[in-house]
2 protein chains.
Amino acid sequence: MTKHKDNQTEDQILKAAQIIFQTKGMDGARMQEIADKASINKAMLHYYYRSKQLLFEAVFNKAFSLLAPELNRILNDSSSIEEKIKNFTDNYISFMIKHPYLPGFIIQELNRNPKFIEKLESNVSFPDITKFKNQVKNEIENGTIIPISAEQLFINILSLNVFPFVASPLIKALVNVDDTTYQTILEARKEDVSNFLINAIKK
Amino acid sequence: MTKHKDNQTEDQILKAAQIIFQTKGMDGARMQEIADKASINKAMLHYYYRSKQLLFEAVFNKAFSLLAPELNRILNDSSSIEEKIKNFTDNYISFMIKHPYLPGFIIQELNRNPKFIEKLESNVSFPDITKFKNQVKNEIENGTIIPISAEQLFINILSLNVFPFVASPLIKALVNVDDTTYQTILEARKEDVSNFLINAIKK
DNA sequence: AAATTTGTTAACCAAATGGTTAAACTAATT
DNA sequence: AATTAGTTTAACCATTTGGTTAACAAATTT
């Protein structure tokens with residue numbers, strides 16, 4: 001139980017902090033800017049979250065726990081590799097279209113402070129790929145898919161799904177398309193990526 | 001011709017700035033830290049580069065012009081799509097193993113300040129994928145590769161090559177490997193990625 | 001060798017930044 | 001009505017930060 005009776009202000013702060021931290025990162029974010037966005041006094045940030053670091057961690061943990069459990073669920077359900085790929089791709093691209101800053105934010109901050117990972121790993125719902133690895137091994141033996149390292153396949157799935165969101169300004173410039181066209185391309189990827197992946201590993 | 005006779009100090013500054021900016025980003029970098037790393041007085045940074053912004057731009061432009069011309073060359077040479085993929089993958093993964101912070105740095109800063117892209121696009125050696133697009137179209141007609149959008153293929157190539165460097169701390173944690181093992185995985189990708197890509201598009 | 005230009009340093013400065021404090025306000029509880 | 005606990009504000013503070021200045025040293029030019 002929290003010592004605060006009313007969590008309305010607390011929520012307002014967290015929402016504002018999410019927007020600022022996720023677009024500007026820890027270093028680029030300013031407490032005053034978060035306070036302005038939350039329409040409150042700067043001292044309130046410290047009253048509710050004590051420090052910039054703790055407020056940041058609240059935002060970061062919430063962001064991560066928004067992505068990890070779903071990944072873990074898909075990795076460990078009973079579906080085949082092919083179904084997992086379809087499931088993951090469709091799920092995550094849809095999710096990231098709605099929250100385009102999330103993956104870049106998480107990756108950027110993990111790069112900035114590698115110690116964060118230890119905290120995440122001790123988290124209960126931190127994704128575990130052991131089942132996925134066994135499944136890949138089995139399906140290779142069964143002849144369902146071509147021989148491939150499970151780790152490499154996992155990295156490939158992740159790359160094809162996440163990178164277009166992390167590097168969108170760069171890709172937009174390279175492919176030479178505007179925002180709306182890029183949006184269409186991302187939409188198409190919900191199907192394209194899983195087809196591409198399955199085509200790459202199916203016998 | 002530059003107004004500075006001796007460019008030794010200038011180089012020292014640029015090298016120090018590269019390390020600091022590429023690991024901490026524009027917002028996280030401190031002028032004092034750069035000066036310390038270059039073993040000079042902080043005022044020298046301003047004497048040679050006038051402001052943090054200009055020093056940063058020098059670093060950023062150098063980083064980008066280290067990557068772009070090679071990409072452009074590969075995209076526009078006379079080799080087939082399959083050869084381009086092999087070429088690009090081998091070249092870039094080798095390069096990024098040597099400069100692992102570069103891609104993350106560029107992507108992070110393009111996200112932070114989208115106006116940078118306009119400057120880059122006016123750059124002479126900014127990559128142009130028109131030839132690559134025509135080639136994909138032709139090879140689809142010839143039946144060499146399966147039908148696929150050239151843009152999607154390009155994004156896929158980029159994703160598989162670059163993402164493992166941008167998101168290394170996250171991937172290391174998910175795949176549950178230490179630094180040296182991850183290094184081995186990256187080395188293997190020089191071959192694995194092009195095989196994977198070619199397998200996905202070859203008829 | 002005198003004068004001028006270029007390179008370097010230490011001290012300094014204003015603005016911004018994360019954080020604190022004390023007082024005032026609000027709404028339950030006694 | 002008085003007390004109390006929780007909430008909010010404005011003013012304040014110490015430190016950090018990018019940037020400047022003025023004096024000085026070392027070349028280069030005249």
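Each chain gets a letter, A, B and so on, in the order the sequences are listed, and its residues count up from 1.
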K.L.:
Using a strict heavy-atom distance below 4.0 Å, which residues from residues 23-41 of chain A are in contact with DNA chain D?
P.N.:
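Residues of residues 23-41 of chain A under 4.0 Å from DNA chain D: A:Asn41.
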K.L.:
Send over the distance from B:Leu45 CG to C:dT9 P, rounded to a whole Å.
P.N.:
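Answer to the nearest Å: 11 Å.
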K.L.:
Using a strict cut-off of less than 4.0 Å between a Lys/Arg side-chain nitrogen and an Asp/Glu carboxylate oxygen, indicate whether B:Lys131 and B:Asp77 qualify as a salt bridge.
P.N.:
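B:Asp77 and B:Lys131: not salt-bridged.
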K.L.:
What's the CD-P distance between A:Gln12 and D:dT7, to the nearest Å?
P.N.:
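In whole Å, D:dT7 P and A:Gln12 CD are 13 Å from each other.
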K.L.:
Output the single nucleotide from C:dA10, D:dT8, C:dT20 whose closest atom is nearest the side chain of A:Ala43.
P.N.:
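Nearest nucleotide to the side chain: C:dT20.
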K.L.:
Under the side-chain contact (heavy atoms from CB on, under 4.5 Å) rule, collect the residues that match up with A:Ile19, sequence neighbours excluded.
P.N.:
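Listed in chain order: A:Lys37.
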K.L.:
Looking at residues 49-64 of chain B, who's got a heavy atom less than 4.0 Å off DNA chain D?
P.N.:
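The answer is B:Ser51, B:Lys52.
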K.L.:
Check this for me: does any side-chain nitrogen of one of B:Glu141 and B:Lys137 sit under 4.0 Å from a carboxylate oxygen of the other?
P.N.:
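Salt bridge flag = no for B:Lys137 with B:Glu141.
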K.L.:
In terms of side-chain geometry, is the basic nitrogen of B:Lys86 or B:Glu191 positioned less than 4.0 Å from the acidic oxygen of its partner?
P.N.:
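Salt bridge flag = no for B:Glu191 with B:Lys86.
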K.L.:
Can you find a side-chain donor-acceptor pair between A:Asp179 and A:Gln183 that sits under 3.5 Å?
P.N.:
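No, no side-chain donor-acceptor pair sits under 3.5 Å.
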K.L.:
Could you tell me whether a side-chain N or O of B:Lys84 sits under 3.5 Å from a main-chain N or O of B:Ser79, the two making a donor and an acceptor?
P.N.:
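Yes; judged by distance alone, with no hydrogens or angles, the pair exists.
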K.L.:
Establish, from distance only, whether the side-chain atoms of A:Asn87 and A:Arg73 form a donor-acceptor pair under 3.5 Å.
P.N.:
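Side-chain D/A pair, A:Asn87 to A:Arg73: absent.
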K.L.:
Please tell me which of the listed nucleotides, D:dT20, D:dG6, C:dG18, lies nearest to the side chain of B:His46?
P.N.:
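The closest nucleotide is D:dT20.
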K.L.:
Would you say C:dT8 has OP1 or OP2 under 4.0 Å from some side-chain N or O of B:Tyr48?
P.N.:
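The answer is yes; a side-chain N or O of B:Tyr48 sits under 4.0 Å from OP1 or OP2.
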K.L.:
Measure from NZ on B:Lys42 to P on C:dT9 and round the result to the nearest Å.
P.N.:
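Atom-to-atom, B:Lys42 to C:dT9, this comes out as 14 Å.
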K.L.:
Tell me whether the guanidinium CZ or amine NZ of B:Arg112 lies under 6.0 angstrom from the six-membered ring centre of B:Phe56 and within 45° of its axis.
P.N.:
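So B:Arg112 does make the cation-pi contact.
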K.L.:
Rounded to the nearest Å, what distance is computed from the CD1 atom of residue B:Ile20 to the P atom of nucleotide D:dT17?
P.N.:
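Whole-Å distance recorded here is 13 Å.
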K.L.:
I'd like to know whether CZ of A:Phe154 has more than 12 heavy-atom contacts from other residues, nucleotides or ligands below 6.0 angstrom.
P.N.:
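More than 12 heavy atoms, drawn from other residues, nucleotides or ligands, come within 6.0 Å of this atom.
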K.L.:
If I take atom CE in residue A:Met44 and atom P in nucleotide C:dC25, what distance separates them, rounded to the nearest angstrom?
P.N.:
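Answer to the nearest Å: 16 Å.
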